[in-house]
Participant: 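To start, I am sharing the structure in question, which I have written as structure tokens.
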Amino acid sequence: MKNILVTGGAGFIGSAFVRHMVTTYPEYNFVCYDKLTYAGNIDNLLPVSDEENYRFERGDVADRASVRRVLQQYAIDTIVNFAAESHVDRSILDPDAFIHTDVVGVYILLDEGRKHGIGRFCQVSTDEVYGDIDEGLSLEDDRFLPNSPYAASKASGELMARAYCVTYGMDTVITRGSNTYGPYQYPEKLIPFFTTEAIDDRPLPLYGDGRQIRDWLYVDDHARGVDRVLHAGESGEAYNLAGENQRYNLEITRRILEILGKPQSLIRFVPDREGHDRRYAMSAAKARALGWRLTFDFEAGLEATINWYRENEWWWRKIKTGDYLDYYKHQYAERLESAQR
Ligand code: NAD
Ligand code: TDX
């Protein structure tokens with residue numbers, strides 16, 4: 001491994017991975033390839049922008065000619081694919097971009113990667129491919145039952161990676177991370193959305209009864225998990241990167257308000273997300289066997305995250321304008337009108 005292409009590296013988790021890898025492995029070269037969609041943000045990469053082993057290229061993973069050029073220009077031998085449309089609610093409003101990036105984009109990367117003769121291909125995936133589970137923990141060999149267009153698009157991307165491994169002998173590995181939180185997360189996802197809204201004393205639209213369960217993973221632990229699987233994962237295998245920290249959405253919302261010193265009366269119970277999965281939970285045993293360890297406790301991670309948003313308004317205030325406000329209105333205006341306290 002020497003020349004690593006990190007696709008989607010300007011997003012939330014991809015940028016944490018780039019920041020971690022560029023400083024941890026000065027002997028490798030990194031090229032971040034990102035389309036800079038609404039969720040991509042070059043500010044996320046400021047901490048490494050002057051590093052000698054880091055370059056940025058703007059481009060679409062589904063653009064074959066552009067992918068080919070970058071693979072050749074930088075003699076890429078490894079691809080780590082974070083690029084995705086990643087927000088479930090947006091996939092419900094319009095799945096199109098999800099098929100483009102999470103399905104076609106993965107195929108183009110695999111296909112151009114194979115023709116270029118790359119070594120390892122790491123596809124970053126999600127616990128959502130397993131769908132809703134009532135009890136117990138999802139294991140890597142469990143069947144896929146994706147429920148949202150987002151989850152189905154991620155499952156499709158994984159299946160294509162598997163096929164390229166079996167059919168063409170490509171060296172692929174897959175990571176399935178659980179709900180990730182931390183600094184630099186686009187403020188449409190639960191924790192940064194509610195944190196930034198609460199800072200401004202605005203209502204927090206909790207879907208349904210707020211009793212859905214997610215398993216929360218700190219972003220730096222997620223990044224280190226991808227590093228571990230990239231270096232030590234067995235070809236053709238998938239690894240759950242589970243936070244092993246299940247929480248109700250309502251519990252998290254209450255804690256955000258407590259930490260910020262804001263009233264619980266900001267909570268609004270709004271009409272539920274369509275097809276909303278009640279619970280995700282995975283076993284991390286297989287990734288642990290590779291030597292991956294969680295280093296962040298949820299309570300400390302949540303406080304650090306909330307403090308980061310408190311201290312970095314320069315980062316999120318400019319995001320919460322323009323198209324963001326159109327999305328907010330579309331997603332929440334009617335819901336909030338029929339809200340219950
Ligand atoms: P994000 O939305 O913050 O970032 C996605 C990045 O991909 C952005 O920089 C965007 O510009 C880029 N991108 C989108 N379409 C592209 C295209 N066609 N070509 C090139 N770049 C493109 O997402 P995230 O939360 O950082 O998630 C990263 C990966 O991890 C995704 O694959 C996601 O499915 C997966 N994942 C996320 C979570 C989570 O809780 N956020 C959990 C598990 C897995
Ligand atoms: O306004 C909201 N109100 C609310 O109740 C939002 C944005 C979310 N929620 C609920 C829905 C979920 O049960 O909070 C929970 C978390 O929601 P999201 O932050 O949208 O995440 P989720 O749908 O669980 O998906 C996330 O985890 C898996 C990421 O967005 C995916 O990219 C990842 O694959």
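Remember, it's 1-based here, ligands and their atoms both numbered in the order they're listed. Quick caveat: nothing in here was measured; it's all calculated off a predicted structure.
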Participant: Checking a contact table here: which protein heavy atom is nearest atom 27 (O) of ligand 1, and how many Å away?
Facilitator: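 Nearest neighbour among protein heavy atoms for atom 27 (O) of ligand 1, to 0.1 Å: Ile13 CD1, 3.8 Å.
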
Participant: Check each atom of ligand 1 against the heavy atoms of Asn179 and keep those under 4.0 Å away; list them by number with element.
Facilitator: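 Contacts of ligand 1 toward Asn179, numbered from 1: 40 (O).
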
Participant: Polar contacts were defined as any N/O atom of the residue lying under 3.5 Å from an N/O atom of the ligand; does this apply to Tyr280 and ligand 2?
Facilitator: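 There is no such contact.
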
Participant: Regarding Arg214 and the six-membered ring of Tyr181, is the cationic atom NZ or CZ under 6.0 Å from the ring centre and inside 45° of its axis?
Facilitator: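 No, Arg214 and Tyr181 do not form such a contact.
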
Participant: Of the protein's non-hydrogen atoms, which lies at the shortest distance from atom 40 (O) of ligand 1, and what is that distance?
Facilitator: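 Atom 40 (O) of ligand 1 sits closest to the protein heavy atom Thr180 N, 2.9 Å.
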
Participant: Taking only heavy atoms of Gly59 into account, list the atoms of ligand 1 that are under 4.0 Å away from them.
Facilitator: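 By the 4.0 Å cutoff, the relevant atoms are 19 (N), 20 (C).
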
Participant: Please work out, at 4.0 Å between heavy atoms, whether the side chain, the backbone, both, or neither of Ala97 comes within that distance of ligand 1.
Facilitator: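 Neither part.
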
Participant: Taking only heavy atoms of Ser178 into account, list the atoms of ligand 1 that are under 4.0 Å away from them.
Facilitator: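 By the 4.0 Å cutoff, the relevant atoms are 42 (C), 43 (C).
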
Participant: Got a salt bridge between Arg120 and Asp171, using NZ or NE/NH1/NH2 to carboxylate O under 4.0 Å?
Facilitator: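 Yes.
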
Participant: Considering only heavy atoms, does Lys154 approach ligand 1 within less than 4.0 Å through its side chain, its backbone, both, or neither?
Facilitator: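 Contact part for Lys154 vs ligand 1: side chain (C-beta onward).
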
Participant: Taking only heavy atoms of Leu36 into account, list the atoms of ligand 1 that are under 4.0 Å away from them.
Facilitator: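 Near Leu36, meaning under 4.0 Å from one of its heavy atoms, ligand 1 has 11 (O).
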
Participant: Identify, for atom 34 (O) of ligand 1, the protein heavy atom at the shortest distance, and state residue, atom and that distance.
Facilitator: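 Result for atom 34 (O) of ligand 1: Tyr150 OH, 2.6 Å.
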
Participant: Regarding atom 43 (C) of ligand 1: of the candidates Gly177, Gly40, Cys32, Ala39, which has the closest heavy atom?
Facilitator: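 Residue with the shortest heavy-atom distance to the ligand atom: Gly177.
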
Participant: Would you say Glu188 contacts ligand 2, with heavy atoms under 4.0 Å as the rule?
Facilitator: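 Checking ligand 2 against Glu188, which is what was asked, there is a heavy-atom contact under 4.0 Å.
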
Participant: Can you tell if the side chain of Arg288 reaches within under 4.5 Å of the side chain of Glu244, non-hydrogen atoms only?
Facilitator: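 Yes, close enough: below the 4.5 Å cut-off.
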
Participant: For Thr101 and ligand 1, does the shortest N/O to N/O distance drop below 3.5 Å?
Facilitator: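 Yes, there is a polar N/O contact under 3.5 Å.
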
Participant: What protein heavy atom sits nearest atom 4 (O) of ligand 1, and how far away is it?
Facilitator: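 Sorting protein heavy atoms by distance from atom 4 (O) of ligand 1 puts Gly11 CA, 3.4 Å first.
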
Participant: Identify which of Ala84, Ala83, Gly182 has a heavy atom lying nearest to atom 14 (C) of ligand 1.
Facilitator: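 Heavy atom nearest to atom 14 (C) of ligand 1 belongs to Ala84.
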
Participant: Could you tell me which atoms of ligand 1, counted from 1 in the order shown, lie closer than 4.0 angstrom to a heavy atom of Ser86?
Facilitator: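 Result: 1 (P), 2 (O), 23 (O).
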
Participant: Which of the numbered atoms in ligand 1 are under 4.0 angstrom from any heavy atom belonging to Phe82?
Facilitator: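 Ligand 1 atoms under the 4.0 Å threshold to Phe82: 28 (C), 29 (C), 31 (C), 32 (O).
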
Participant: May I ask you to check whether Thr37 has an N/O atom sitting below 3.5 Å from an N/O atom of ligand 1?
Facilitator: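 Yes.
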
Participant: Which atoms from ligand 2 have a heavy atom of Leu206 less than 4.0 Å away?
Facilitator: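 Contacts of ligand 2 toward Leu206, numbered from 1: 5 (O).
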
Participant: Please say which of Trp314, Tyr218, Trp315 ends up in a ring-ring contact (aromatic ring centres under 6.0 Å, His included) with Trp308.
Facilitator: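 For Trp308, the ring-ring contact (aromatic ring centres under 6.0 Å, His included) test succeeds with only one of Trp314, Tyr218, Trp315, which is Trp315.
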
Participant: Closer than 4.0 angstrom: is that true for some heavy atom of His276 and an atom of ligand 2?
Facilitator: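 Under 4.0 Å: yes for His276.
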
Participant: Among all protein heavy atoms, pick the one closest to atom 11 (O) of ligand 1 and tell me residue, atom and distance.
Facilitator: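 In this structure, atom 11 (O) of ligand 1 has Asp34 OD1, 2.6 Å as its nearest protein heavy atom.
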
Participant: I'd like to know if Glu197 pairs up with Lys320 as an ion pair, taking the criterion as any Lys NZ or Arg NE/NH1/NH2 lying under 4.0 Å from an Asp or Glu carboxylate oxygen.
Facilitator: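 Looking at Glu197 and Lys320, the cut-off is met.
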
Participant: For atom 6 (C) of ligand 1, grab the closest protein heavy atom and report residue, atom and distance to one decimal in Å.
Facilitator: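 Answer for atom 6 (C) of ligand 1: Gly8 O, 3.8 Å.
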
Participant: Can you tell me if Val124 has a non-hydrogen atom under 4.0 Å from ligand 1?
Facilitator: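 Flag set, Val124 near ligand 1.
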
Participant: Using only heavy-atom distances, determine whether the side chains of Asp227 and Trp292 contain a donor-acceptor pair under 3.5 Å.
Facilitator: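 Asp227 vs Trp292: no donor-acceptor pair found between side chains.
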
Participant: Of all heavy-atom pairs between Gly157 and Val106, which one has the smallest distance, and what is that distance?
Facilitator: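 Of all heavy-atom pairs spanning Gly157 and Val106, the closest is O-CG1, 3.6 Å.
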
Participant: Under 4.0 Å from any heavy atom of Thr126, which atoms of ligand 2 are there?
Facilitator: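 In order of numbering, the contacting atoms are 28 (C), 33 (C), 34 (O).
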
Participant: Flag the pair Arg19 and Glu51 as a salt bridge only when some basic side-chain nitrogen lies within less than 4.0 angstrom of an acidic carboxylate oxygen.
Facilitator: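 No salt bridge links Arg19 with Glu51.
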
Participant: Using a strict 4.0 Å cut-off to heavy atoms of Ser125, name the atoms of ligand 1 that fall inside it.
Facilitator: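 Matching atoms, with element in brackets: 43 (C), 44 (C).
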
Participant: Does an N or O from Arg214, backbone or side chain, lie closer than 3.5 Å to an N or O of ligand 2?
Facilitator: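 So ligand 2 has an N or O lying under 3.5 Å from an N or O of Arg214.
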
Participant: Indicate, as side chain, backbone, both or neither, the part of Asp60 found under 4.0 angstrom from ligand 1 when only non-hydrogen atoms are considered.
Facilitator: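 Answer for Asp60: both.
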
